[in-house]
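Notes to accompany the following structure.
Position 1 is the first residue of the sequence, and the numbers go up from there. Note that the structure is a prediction, hence the values are computed from the model and not measured.
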Amino acid sequence: QVQLVESGGGLVQAGGSLRLSCAASGRTFSSYTMGWFRQAPGKERQFVAAIAGSTSNSYRADSVKDRFTISRDNAKNTVYLQMNSLKPEDTAVYYCAANPTLTIYTSPTRYNYWGQGTQVTVSS
């Protein structure tokens, strides 16, 4: 069982930055692929970025690849999402998720564990 707790969300003006953190429980964090997803009101959950375990290979959605960076610190059991040049359309609840393999998936159905989410609001 893995428990995930996100933090770092908030209200920011367009063009600003935020860094989200996701702290995970458990001793095998480095064997999990970690993903970030977001969900805006009335919309489906959307893939943002993911990073594999020990290899730290990563992949980002086209909509964020020039602005967001995903990273992880296996010693701290934490994954981060650095978000720069934020836009109003980035407004959503951001979720951290874990998949117990080293494969990067973009479908939320592939992730077994989820955090409670953190709200990111970007004002224009």
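Partners of Arg67 by salt bridge (Lys or Arg N to Asp or Glu O under 4.0 Å), not counting sequence neighbours, listed by chain and number: Asp90. Evaluation of the salt bridge (Lys or Arg N to Asp or Glu O under 4.0 Å) rule for Lys87 yields no partner, not counting sequence neighbours.
A donor-acceptor contact shorter than 3.5 Å links the side chain of Glu6 to the backbone of Gln116. Here the side chain of Thr118 pairs no donor or acceptor atom with the backbone of Ser7 at under 3.5 angstrom. For Asn99 (side chain) and Arg110 (main-chain N/O), a donor-acceptor pair under 3.5 Å exists by modelled atom type. The main-chain N or O of Phe29 is never found under 3.5 Å from a side-chain atom of Asn74 such that the two would form a donor-acceptor pair. Counting only distance, with no hydrogens or angles, the side chain of Arg72 and the backbone of Ile51 share a donor-acceptor pair below 3.5 Å. The closest donor-acceptor contact from the side chain of Thr78 to the backbone of Lys76 lies under 3.5 Å.
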side-chain contact (heavy atoms from CB on, under 4.5 Å) for Thr33 and Tyr111? Distances and angles first, verdict last. CA-CA 9 Å; Thr33 288; Tyr111 290 79; 4.0 Å; yes

Walk me through it: do Val120 and Arg38 pass the test side-chain contact (heavy atoms from CB on, under 4.5 Å)? CA-CA 9 Å; Val120 171; Arg38 65 187 181 186; over 6 Å; no

Determine, step by step, whether Met83 and Leu81 satisfy the side-chain contact (heavy atoms from CB on, under 4.5 Å) criterion, reporting the C-alpha distance in whole Å, the side-chain angles of both residues, the deciding distance to 0.1 Å, and the verdict. CA-CA 6 Å; Met83 305 186 295; Leu81 185 68; 3.8 Å; yes

Derivation and outcome, side-chain contact (heavy atoms from CB on, under 4.5 Å), residues Trp36 and Cys96: CA-CA 5 Å; Trp36 286 99; Cys96 173; 4.0 Å; yes

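Shortest non-hydrogen contact noted between Ser124 and Ala14 is CA-CB, 4.4 Å. Ala61 approaches Phe47 most closely through the heavy-atom pair CB-O, 3.6 Å. Listed here is the closest heavy atom pair of Ala50 and Ile104: CB-CG2, 3.7 Å. Taking all atoms of both residues into account, the shortest heavy-atom contact from Val93 to Gly117 is CG1-CA, 3.8 Å. Residues Leu102 and Ser31 approach most closely at CD2-O, 3.7 Å, considering heavy atoms. Nearest heavy-atom pair across Gln39 and Lys43 is NE2-O, 3.1 Å.
Counting heavy atoms from C-beta outward, Tyr32 and Tyr113 have side chains that approach closer than 4.5 Å. Residues Asp66 and Arg60 are not in side-chain contact: their nearest non-hydrogen atoms beyond the backbone lie 4.5 Å or more apart.
Of the residues listed (Val64, Ile70, Thr106, Leu20), the one engaging Val48 in a side chain to side chain contact (heavy atoms under 4.5 Å, CB included) is Val64, and it is the only one.
Rounded to the nearest 0.5 Å, atoms CZ (Arg45) and OG1 (Thr109) are 12.0 Å apart. The structure places CG of Asp73 at 11.5 Å from OG of Ser30, a figure rounded to the nearest 0.5 Å.
In this structure, Arg19 forms a cation-pi arrangement with Tyr80, its terminal cationic atom sitting closer than 6.0 Å to the ring centre and no more than 45° off the ring axis.
Trp114 and Val79 fall into different hydrophobic clusters, defined by Ile, Leu, Val, Met, Phe, Trp and Tyr side-chain heavy atoms under 4.5 Å apart, directly or through other members. Cluster membership check: Leu4 does not share its hydrophobic cluster with Tyr95, using side-chain heavy-atom separations under 4.5 Å among Ile, Leu, Val, Met, Phe, Trp and Tyr. Phe37 and Tyr59 end up in the same hydrophobic cluster when Ile, Leu, Val, Met, Phe, Trp and Tyr side chains are linked at under 4.5 Å.
Heavy atoms from other residues, nucleotides or ligands lying under 6.0 Å from CD of Gln119 number more than 12.
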